[in-house]
Structures are given as structure tokens and as C-alpha cells.
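Written out below as C-alpha cells is the structure these notes cover.
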Amino acid sequence: MQIAENDDFGSEEITLFADLILPVPVAQLFTYRVPRVINPFIKNGARVVVPFGKNRVVTGVVAKIHQTPPTKYQARYIAELLDDEPLVTPYQIELFHWIADYYLCTVGEVLNVALPSGLKITSQSKIQYNPDFEYYDLLTEEEANLLEEIKKYQSLTYEEVEKRVGATNINHIIKSLIGKRAIILFEEVKEKYKPKVLKKVKLNGRFETRENLMELIAQLDKFPKQQEIIMSYVSQVPIQNVPYSNRAGLEKSFFTQNEAFSDSALSTLIKKGTLEEFEVTVSRFADVAPDFSEGTNIHLTTAQQRAFDEIITQFQSKDTVLLHGVTGSGKTEVYINLAQQVLASGSQVLFLLPEIALTTQIVVRLKKVFGDKLGIYHSKFSDNERVEVWKGVVSGQFQLVVGVRSAIFLPFDSLGLIIVDEEHESSYKQYDPAPRYHARDVAIVAAQRQQAKVLLGSATPALESYYQALNGRYGFVQLLERYGKANLPEFVLIDTKKERKSKKMKFEFSSVLINELQEALNRNEQSIVFQNRRGYSSYLQCEECGWIGECENCAVSLTYHQKDAELRCHYCGHKEKVPKLCPGCSSTKVRTVGFGTEKLEDQLKIFFPTARIARMDLDTTRAKNAYKEMIEDIEQGNVDILVGTQMISKGLDFENVSTVGVFDADRMIHFPDLRSAERAFQLITQVSGRAGRRADRKGRVLIQTGNPSQKILQKIITNDYIGMYEEEIKERENFKYPPFTRLIKLTVKHFDQTTALQSAQKLTQLLLEKMGEDRVLGPQPPLVERIRNRFLFDILIKLEREKVNFRAAKAFILEKVTDILTDKTLKGTDVTIDVDCL
DNA sequence: TCCTGGGTCCAA
DNA sequence: TGGACCCAGGAT
């Protein structure tokens with residue numbers, strides 16, 4: 001830290017205070033006094049270390065610096081400043097506050113999801129020997145013994161102390177040692193981020209001249225192993241022709257990982273100084289090199305160009321534009337051109353995608369165009385990788401970031417454009433830990449604050465977005481022509497009831513579908529089979545007594561996974577072995593009911609024994625690169641039939657896929673949820689979009705259903721988005737659902753069912769007093785009424801957009817929820833608040 | 001009498 | 001959230 005002389009801050013005299021965000025779930029900032037020596041250096045967004053409570057030390061982020069001393073208490077001093085440059089930008093602090101405020105959570109919680117854990121401000125207590133301690137006479141024998149143990153280690157947690165010493169009940173000794181200042185309690189605050197370093201070796205500079213090098217080699221005649229190493233170094237590094245190349249050296253692993261070289265000879269050379277060892281910091285993303293061979297200017301078709309121009313025009317009067325483009329219309333090219341234009345103007349671009357692993361193909365294309373400027377932010381990335389993207393955005397290395405919903409929290413300072421692709425996707429909404437935010441909505445707010453524009457793109461927009469586009473709040477651009485004149489696929493509805501009657505069904509497959517798959521195989525084309533349920537079958541049931549395998553923690557049936565002969569709960573992850581006999585009546589007639597991807601895969605292997613069949617779902621893609629490898633396999637034509645869950649519905653682009661089979665459409669349509677029809681439309685349209693992406697042949701989509709005359713299916717097969725929209729929006733209006741209202745869902749949880757219900761009822765009562773029966777619905781048990789042993793009750797609050805003051809209503813709700821949480825007769829009750837829960 | 005577990009409160 | 005502090009009840 002350099003001390004500025006003559007800075008005009010006038011720092012020496014002023015007393016500053018800092019309001020800090022601390023990692024505690026308390027909805028307030030904490031004011032600390034800034035020591036004068038760091039006055040010139042402290043900045044909003046920097047991390048600091050502060051004492052908190054009696055014996056604790058925590059890290060926090062500076063949210064505000066001011067000169068107003070607190071009146072009700074004495075501010076304590078900040079202990080240490082961790083960052084010279086702010087880690088969090090002022091823009092981010094504002095955005096975090098907005099999110100906390102809007103979604104009813106604490107800023108600390110927002111910070112928790114926003115920061116990669118390598119930068120996070122955690123607080124895990126550790127104890128450490130106090131090196132300044134000298135009053136040994138004050139210690140009891142017990143204390144002295146324990147202190148000796150603790151001295152041996154750098155630092156220990158409470159549990160570690162117990163383990164090392166092999167005794168329990170030592171907390172009181174630790175406590176008294178702390179009291180006597182023999183040991184100190186501290187929170188781990190050091191940065192966990194480790195840059196990736198590469199160990200390299202280079203030849204001592206002396207040998208860069210030809211004569212010296214020859215002489216060295218001659219000298220090593222007596223040490224053939226060492227000579228061999230030098231010779232291969234010279235052959236790898238063209239030191240004689242390009243002397244400069246020696247500076248870059250050669251990776252040490254080149255020698256250590258090749259058995260032909262002797263490790264001891266290498267270390268001797270290093271010890272003698274003939275070779276010098278050094279380390280370089282490398283980016284974890286260095287392996288994907290930019291490829292300009294295709295040129296950066298992607299040529300747009302006439303239709304794409306028109307959409308592009310319209311978007312630019314609309315941006316002049318609107319901050320948000322919705323691009324409605326059918327599947328395969330080439331929205332990506334439009335995005336890329338827009339991004340290039342924004343980047344050229346010097347602004348940053350954020351490109352949001354749902355679950356990025358699912359769209360590696362897009363990432364590869366972006367990487368080709370944008371090269372090193374592109375940062376990738378993804379949930380499967382390690383923490384260090386995320387910290388690198390974070391720092392890359394701060395340093396300006398990444399002008400463009402493609403990422404999942406949490407990428408919205410990155411420290412941009414001059415955003416020009418946010419693209420939200422597949423904006424209708426539900427994975428943009430975070431459900432479980434707070435903040436329960438929607439990345440698309442946060443993107444719109446974030447853009448406003450940076451004077452940036454937002455482009456929402458989808459083949460099947462969310463009803464809310466389409467509504468805003470029609471009523472003029474958003475700009476609206478359509479791209480209704482497939483890229484390269486490819487046709488939209490042809491749809492066939494297969495009546496499974498009829499087929500079953502005439503005994504044409506083979507297991508879950510209709511004869512029509514089997515024939516089409518066979519024909520596709522004959523033509524050497526690829527097929528996709530879609531079933532939005534993983535595992536082997538839905539559940540196990542006993543034919544004799546009706547027993548069904550259920551989770552012991554949640555109110556759901558267990559899914560049968562044949563591969564591991566296991567029953568698994570898809571809610572809490574509970575696993576158990578498949579029982580040999582029915583646990584209810586010891587009968588052997590336990591059968592599987594329903595079907596998932598695993599079962600379809602098995603059946604396909606029976607129908608088409610020679611076909612190459614692959615399955616893509618959560619179970620087969622857990623490993624970091626499994627997804628990527630599978631995609632490459634399909635691209636190279638090593639797969640004939642791909643079975644998968646919704647994972648295969650998004651953004652994949654395989655030219656050779658001609659046939660798509662859709663199973664269980666009825667379950668999607670009749671799922672008891674307000675959005676089921678909209679979701680079914682979106683999902684089936686998205687999957688069908690995988691078919692027939694070539695101009696020279698038409699794809700076929702076969703949908704198996706028990707009732708082909710359902711309205712929504714007709715809309716799907718005629719690709720009638722607008723028809724679907726009109727139907728659904730009418731319902732929304734009738735029943736007062738978004739976009740005509742805003743919904744807030746309160747979930748009341750308790751281990752005891754009666755108390756859960758009591759709490760929920762009491763909360764409902766409190767809310768009804770002011771809000772009225774039209775606005776408060778419930779309490780009712782949700783679809784899955786018990787999760788991880790806790791009973792749930794939902795209360796749904798509907799607020800009209802015009803009539804209700806949203807802020808005031810939320811404040812009221814928060815107040816009543818707090819009443820319940822602090823009610824002593826309802827101990828153990830937990831309530832979560834989900835704003836805009838749909 | 002000491003120890004432990006549970007509950008409550010509070011942090012600047 | 002974590003920890004300090006207090007109280008009650010069990011082990012010693």
C-alpha cells in the first residue's frame with residue numbers, strides 16, 4: 001500500500017465511518033469507524049476485516065462511506081483493509097440492494113450467491129496460538145497441556161482440536177485459554193483463490209550462445225542422462241535459431257512425465273544451475289484458442305438482416321426488445337452481430353443462457369468469433385475458474401461473458417447489451433436458497449442502471465414477455481423463417497389408445513414410431529427420443545397389496561433406477577436398494593409402473609439391436625465433460641438414436657437428426673400447474689425444433705398421446721404460438737394471474753404437521769386482516785407436501801398491478817412473517833418468501 | 001458441584 | 001448465522 005503525499009483528501013483530519021455488508025442474515029448494514037491511516041485507501045466495494053461480537057472476527061464488504069457517527073452506540077474500528085481495489089463495484093452494491101429489497105431477503109444473502117466462494121466472506125471460527133503470550137504461570141496444568149498441543153499447528157477448528165487431542169469436553173479449557181489471551185480466535189479470511197501455475201524450466205542464459213551450448217553438451221558426455229535432457233530441450237525449444245525462445249522455457253512436466261528421462265538427472269541439472277526452474281501463472285481457459293479461419297463477420301440472411309436492423313431501430317425507443325424467432329431461424333447469428341457491434345463501441349456484453357453445459361455448441365461458436373475476449377461463467381466450473389472470470393471482467397480482459405443466471409452478478413462497469421436467450425426458461429429463476437430471483441427480470445433492472453439494452457430471445461416466449469411486447473412496453477421483432485430455407489418439421493399425432501386396442505403397442509412404443517425410427521436408421525439419419533423423466537420407471541408397485549415405494553423423508557414415490565438396482569428420491573436424493581419381496585405382503589409380484597429414459601433406452605436396444613443408442617439425462621452427464629463428449633459423439637455420427645430428458649431440448653443443433661419421438665405428452669399437459677399448457681407447448685416445440693435442420697429434407701416429429709384432439713396439441717402441431725398465447729392469456733386474465741397480477745408465495749415449514757398447519761393458518765389470518773380474501777389463497781399443501789421430513793403449506797398472495805402499492809404490501813407481508821417466526825407458541829416454524837414465484 | 005444441553009438474545 | 005450467557009437437570 002503506497003502512502004500518497006499531498007493528496008487533496010484532507011484525510012488526516014476527517015473521521016470516516018463505513019457501513020458494511022456482513023455475512024449474517026440480518027437485514028441491516030453495520031457501521032464501523034475507519035482508522036485514519038486507511039482513510040485514503042478505503043473504497044466502496046472493498047473487503048475489510050472487522051471485530052464482530054465478543055470474540056469474533058469477520059470479513060465484510062464496504063457499502064457506504066460517510067461521516068455520520070452512529071448515535072445509539074459506539075462504532076468499533078475496522079481492523080484491516082483487504083483490497084486496494086474494490087472487489088465489488090458501486091453498481092453492484094446498488095443492484096444487490098435492489099435485489100434484497102425486491103425479493104425480500106438480506107443483502108448478505110445476495111452477496112452469498114453473487115460472489116464465487118473463493119472471494120466469499122465466510123466465517124468459520126478457528127483458534128490459533130497467540131505468539132505474544134507470556135504468562136504461563138497463570139495456566140492450570142490442563143490448560144498448559146492443551147496449549148502445547150495447539151502450538152504444534154498453524155490453526156485449528158474446534159472439532160480439529162478435539163480430534164487431535166483425543167478428548168472431549170475441552171471447550172471450557174479453550175474458553176479459559178481465550179480469556180487468558182493464550183490463544184486467539186479468528187475467522188479464516190485469506191483468499192482461497194489460487195492462480196493456476198505451470199512449472200517450467202529454461203536453460204541458463206549463459207548457454208544461449210552457440211559456442212557455450214556446444215561446450216556444455218560436450219562436457220556432459222560423461223553424464224549421458226543429463227546430456228539427453230539438454231539435447232531434447234534444445235530440440236523442443238529452437239534456442240539456436242530463436243535465442244529469445246529460451247525465455248519461455250519448457251514445461252517441467254515434459255521431462256517428469258516421460259519415463260525416458262531421469263528425474264534425478266533433471267534435478268542435478270537444476271541444482272548445478274544449468275537449467276533454471278520458474279513458474280508462470282496461466283489462465284485456466286487458455287486451451288481454447290480463438291479461430292479466425294471462418295472470419296468474424298458472420299453473414300446474415302435477408303431475414304436475419306431485417307431482424308437485426310429492426311432490433312437496432314427498436315432500441316432507439318425501447319430498452320427491452322423481444323425477439324420471437326422460430327426454432328432453427330438462426331437467432332444466434334443475430335446475437336453475434338449485435339454483440340460485435342456493441343463491443344466495437346467499447347461497451348460490455350452479457351449473454352445469458354439457461355444451463356450452459358446444455359449449449360456447448362453455442363459456446364464453441366462464440367469462442368470462435370470472440371476468442372480471448374469471451375469469458376464463460378458456468379455452474380459446472382470450479383470455483384477458481386469463476387474467480388478468474390470475475391477478475392477478468394474487472395481487468396477488462398473479458399468484454400463479453402456468456403453465462404448462466406448467476407453471471408448477472410459479475411462486476412460489469414459499462415454494459416451495453418444483455419442478451420437473454422431462451423428467455424422463457426424456468427432455470428432463470430432461482431428457487432431454493434434466497435435470493436429467489438429471476439435473472440431475466442434482474443437483467444432488465446441491471447441494464448437500466450447501466451443504460452444498457454436488453455434483448456430477450458425465444459422461439460416460445462414466456463406469456464409475460466409476449467404480453468409486454470404486444471402492449472408496447474417492450475420492442476418486438478419477429479423472425480419466422482428457418483435458416484437456410486429449411487422447413488419446419490412435420491408433426492404426426494399418434495393415438496396410443498387406439499394402438500393399444502389393436503394390440504400394436506410394443507412396450508411403450510407405438511408401431512408408427514418404431515417404423516419411422518427404423519426408416520430413419522435405414523436412411524442413416526439420426527433420431528431423438530424425448531421423455532421428460534429420468535430413471536427406469538416412475539415407481540414400484542406390488543400387484544398383490546398395492547404397496548408403493550415411497551421416500552421416508554418426502555411425500556413422493558421413489559423412482560426406480562435399474563442400472564444400480566436402486567430406488568431414488570428425486571427431491572432429497574435418498575437412495576435405497578430395491579426390495580426382493582414386497583415390504584407390505586412379502587409377495588414377489590412387485591412391478592414397475594410408468595417409464596423413464598432408462599427404460600426407453602433398454603426397450604430400444606431390443607427393437608434395434610444393432611443401432612447405436614445413447615442416453616442423455618442428469619444421470620449420464622454428472623461428470624464435468626460427459627456432456628461435451630456425448631455431443632461430440634453425436635456430431636460425429638456415432639449415435640443413431642438419442643434418448644433424453646429436457647436436457648436435449650435446448651439449443652442443440654445436429655444436422656443429421658430427421659426424426660423426433662415425444663413420449664408422455666399427456667403428463668406434461670395435465671400436470672397440475674397454472675403453466676402446464678404453456679410449458680408443454682414450449683417443451684414440445686423446442687424438442688421438435690431439433691428435427692430437420694437441413695434444407696434438403698423435412699423432419700418428422702411423432703407425438704404419442706392418449707387423446708390427439710386436445711386443443712393444445714393442435715396448437716403445437718400447427719406451430720400456432722399466437723393461438724396458444726391468446727387462449728392462455730385469457731385464462732390468466734379471468735383467474736387474475738400474472739401478467740395481470742403479481743404473485744408472492746409463502747411456504748410454511750415445520751417438522752410437525754400440526755404445528756405447520758397452525759402456523760400457516762395463523763399467518764393466513766394475519767394477512768387476511770388487511771388484504772382481503774381475494775388476495776390471499778390457502779393455506780394448502782403443495783404437490784409434494786413433505787420434503788426432507790418437513791411438512792409444507794403454501795399461501796399464495798395475488799396483488800393487482802395497478803391498485804396495490806407493491807412495496808407497502810411486501811413490507812406488510814414481511815412484518816406478518818416475522819410475527820410468525822418470533823411467535824413462541826409456533827417454535828421451529830420456518831417461512832420462505834418467493835416474490836414473483838411463477 | 002460440575003457438566004451438558006437447550007433456549008434466547010444479539011451483533012455496530 | 002454463531003456464540004455467549006443463563007438455567008435446569010443429570011452425573012459424580
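- As rounded to whole Å, 16 Å separates atom C1' of B:dA12 from atom CG of A:L16.
- Applying the side chain to side chain donor-acceptor pair (under 3.5 Å) test to pairs two or more places apart or on separate chains, those with a residue in residues 439-449 of chain A are A:E94-A:R449, A:E423-A:R440.
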What side-chain donor-acceptor pairs closer than 3.5 Å can you find for residues 810-818 of chain A, not counting sequence neighbours?
from, atom 1, to, atom 2, distance (Å)
A:K810, NZ, A:Y102, O, 2.8
A:T818, OG1, A:L814, O, 2.5

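- Atom CZ in A:F17 sits roughly 11 Å away from atom C1' in B:dA12 (whole-Å rounding).
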Query - Candidate pair A:T15 and A:R36, rule side chain to side chain donor-acceptor pair (under 3.5 Å), full reasoning - result: CA-CA 7 Å; A:T15 303; A:R36 291 221 169 107; 2.6 Å; yes

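- Straight-line distance from the CZ atom of A:R76 to the C1' atom of B:dA12: 8 Å, rounded to whole Å.
- If you measure from atom CZ of A:F52 to atom C1' of B:dA11, you get 4 Å, rounded to the nearest angstrom.
- As judged by a 4.0 angstrom heavy-atom cut-off over every strand, A:Y32 is placed among residues touching the sugar-phosphate backbone only.
- For A:E109 and C:dT1, the CD to P distance is 8 Å, given to the nearest whole Å.
- We find that CZ of A:R33 is positioned 13 Å from C1' of B:dA12, with the value rounded to whole Å.
- Taking the six-membered ring for Trp and thresholds of 30 and 60 degrees, A:H438 and A:Y428 have ring planes inclined between 30 and 60 degrees apart.
- Note on A:P25: a base of the nucleic acid sits closer than 4.0 angstrom, heavy atoms only.
- Using a 4.0 Å heavy-atom cutoff across all strands shown, A:V26 reaches at least one base atom of the nucleic acid.
- Annotation: cation-pi pair A:R76/A:Y32 absent, no NZ/CZ under 6.0 Å from the ring centroid and within 45° of its normal.
- Under a 4.0 Å N-O distance rule, the pair A:D823/A:K762 qualifies as a salt bridge.
- Rounded to a whole Å, the CG atom of A:N112 is 11 Å from the P atom of C:dT1.
- Atom CD of A:Q28 and atom C1' of B:dA12 are 8 Å apart (whole Å).
- Checked by atom type and distance alone, the side chain of A:R436 pairs as donor or acceptor with a backbone atom of A:Y431 at under 3.5 Å.
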Query raised in the report: When you check every protein heavy atom under 4.0 Å of nucleotides 5-10 of chain B, what one-letter string (B, S, -) results, 5' to 3'?
Result: ---S--

